[in-house]
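Here the structure is laid out as structure tokens; the discussion comes afterwards.
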Amino acid sequence: MLAACTQREQTTTLKFWAFGPEGEVVGQLLTEFERTHPGVRVDLQNLPLSAMHEKLLTAFAGDALPDLCQLGNTWIPEFAVLGALEDLSPAVLADGKEQTGVPAGLPGKSSIHPEDYFPGIWDTNVIDGKLYGVPWYVDTRLLFYRKDLLAQAGFDHAPRDWDEWRRAMAAIKKNQGADRYAILLPLNEFEPLLNLAIQQDDPLLRDQNTRGNFESAGFRRALDFYVEAFRENWAPPMSNTQIANVWDEFGKGYFAFYITGPWNIGEFKRRLPAGLRGNWSTAPLPGANGPGGGAAGGSSFAIFRTSKNKRLAWELVEFLSAVEQQQRFYALTGDLPARRSAWAFSELANDERTQAFRAQLELVKPTPKLPEWERIANEMQLAAERVVRGGESADSALRALDAKIDDAILAKRRALLKGRAEK
């Protein structure tokens, strides 16, 4: 009895919150961590994605945050502004040398090196020069396409720039006929337009992310290309709720191009007819003048400032970030590894569909780093839908979009920044 009591007293519980399929699977990797860390137990709580954000805010208000958490990279700015996240930058060194003055129990050197990560993905975790997360898995959106329909239209490769893409969509639509299309661009999704827009040199926001910049030449170029697909009848003016099943319709040839993420590689493999196995693939998203890249996506590990086990939490981050664990996690989930070195194994290296993501990940950019970004993205989608469905002019829609962002969404941000500057 005395030995059992002593063992319980020496056990440290590390609280780790995750969500979705990743939270369901990561527990299979934690047994090895606990084996190599006697006296440590990882208390994994898996939450539905739909409840995760509210749960975190409630826990922040009640001083009940876990030690470590999975955070989508668009959530990091919000929790950084709240002061909830630990600054991890002192613990991460490119050369792995010891560093003095490391705060809050974090190690002075680590096995995590920024140069082994895709620059745009890593940058999503950096706010005002401080690192608040370490990428766990990554994604971006690119082209899924029917190779056979493209070949029938006279093309032996996926489009590499917007001009080729226009020609391919026009030719496919001509072959398809009146009741089929070249591309599906669901009007209730902001991601297709966002990925075209983020390729541009003009930023989506201006003046230190305090005002909209959607009337810029860059965004207007992206919107014009997007709207052209509907006006030329290459894309049906419909939302994703108006199509029964994207996999079935893709298989039936209702559309030849679809902009989506890496999770759909597995879905397409499982759901498409066996006869189409070699007739579809993926390609980096074309840009105006060549490969364009897209928005940086995925999830990261974040450690909360209130944690009393920061050193152990960091060791778990290092463990799950190791190449072996990244590769095991990919095999279990299909989530793409955040570390470049983790891509050097056969399941990824020999798969042309994932290699298209590998190429695009080198070009991705972070979305604007502010808590209001998701609201802004939704307003962007609504403005584009008004142009496509309602016939509103692009000039009018973009003028109204910038005005709404400036007055209804970012006015408080400007006031806060002005107040800080005057102190």
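Given the structure is predicted, the values throughout are model-derived calculations rather than measurements.
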>> Just by distance, no angles: are the side chains of Asp87 and Ser89 close enough, under 3.5 Å, to form a donor-acceptor pair?
In response: yes

> Salt-bridged, Arg340 to Glu115, with N to O below 4.0 Å?
Replying inline: no

> Above 12 or not: heavy atoms from other molecules or residues under 6.0 Å from NZ of Lys15?
Replying inline: no

>> Does Arg389 have more than 12 heavy atoms from other residues, nucleotides or ligands lying within 6.0 Å of its CZ?
In response: yes

> Would you call the rings of Trp280 and Phe144 parallel, tilted or perpendicular if under 30° counts as parallel and over 60° as perpendicular?
Replying inline: parallel

> Taking everything shown except Asn245 itself, do over 12 heavy atoms lie less than 6.0 Å from its CG?
Replying inline: yes

> Is a side-chain N or O of Thr354 found less than 3.5 angstrom from the main chain of Leu348, in a donor-acceptor match?
Replying inline: yes

>> Under a 4.0 Å threshold between the charged nitrogen and the carboxylate oxygen, would Arg167 count as salt-bridged to Asp163?
In response: no

> With a 4.5 Å limit on heavy-atom distance, are the side chains of Arg166 and Glu228 in contact?
Replying inline: yes

> Residues two or more places apart in sequence or in another chain: which of them pass ring pair (Phe, Tyr, Trp, His ring centres under 6.0 Å) with Phe214?
Replying inline: Phe219

> How are the rings of Trp343 and Phe118 set to each other: parallel, tilted or perpendicular (split at 30° and 60°)?
Replying inline: perpendicular

>> For Arg220 and Asp395: C-alpha separation, side-chain torsions, deciding distance, then whether salt bridge (Lys or Arg N to Asp or Glu O under 4.0 Å) applies.
In response: CA-CA 9 Å; Arg220 179 59 185 269; Asp395 288 341; 2.3 Å; yes

>> Taking the side chain as everything from C-beta on, heavy atoms only, tell me whether Lys310 gets closer than 4.5 Å to Glu86.
In response: yes

>> With side-chain contact (heavy atoms from CB on, under 4.5 Å) as the criterion, how do Trp75 and Glu374 come out once you've worked through the C-alpha distance, each side chain's angles and the decisive distance to 0.1 Å?
In response: CA-CA 9 Å; Trp75 292 0; Glu374 290 187 3; 3.5 Å; yes

> Between Arg211 and Asp406, is there a side-chain N and carboxylate O pair less than 4.0 Å apart?
Replying inline: yes

>> Quick one, Tyr254 with Tyr181, criterion ring pair (Phe, Tyr, Trp, His ring centres under 6.0 Å). Give me CA distance, side-chain angles, the key distance, then yes/no.
In response: CA-CA 6 Å; Tyr254 183 63; Tyr181 297 88; 5.6 Å; yes

> When you check the gap from the basic side-chain N to the acidic O, do Lys147 and Glu352 get nearer than 4.0 Å?
Replying inline: yes

> Salt bridge or not for Glu372 and Arg375, using N-O below 4.0 Å?
Replying inline: no

>> What I'd like to find out is whether the side chain of Tyr132 reaches to under 4.5 Å of the side chain of Leu88, using heavy atoms alone.
In response: no

>> I'd like to know if the side chain of Tyr137 pairs up with that of Ser299 as donor and acceptor (distance under 3.5 Å, no hydrogens or angles considered).
In response: yes

>> Can a side-chain donor-acceptor contact be found between Asn264 and Thr260 if the only test is distance below 3.5 angstrom?
In response: yes

>> Please verify the inter-ring angle class for Phe79 with His53; under 30° counts as parallel, over 60° as perpendicular, anything in between as tilted.
In response: perpendicular

> Around atom CG of Asn289, are there more than 12 heavy atoms of other residues, nucleotides or ligands at under 6.0 Å?
Replying inline: no

> With a 4.0 Å cut-off, would you call Lys365 and Asp123 a salt bridge?
Replying inline: no

> Hey, is Asp207 close enough to Arg414 for a salt bridge, meaning N to O under 4.0 Å?
Replying inline: no

> Do other residues, nucleotides or ligands put more than 12 heavy atoms under 6.0 Å from the CG atom of Asp128?
Replying inline: no

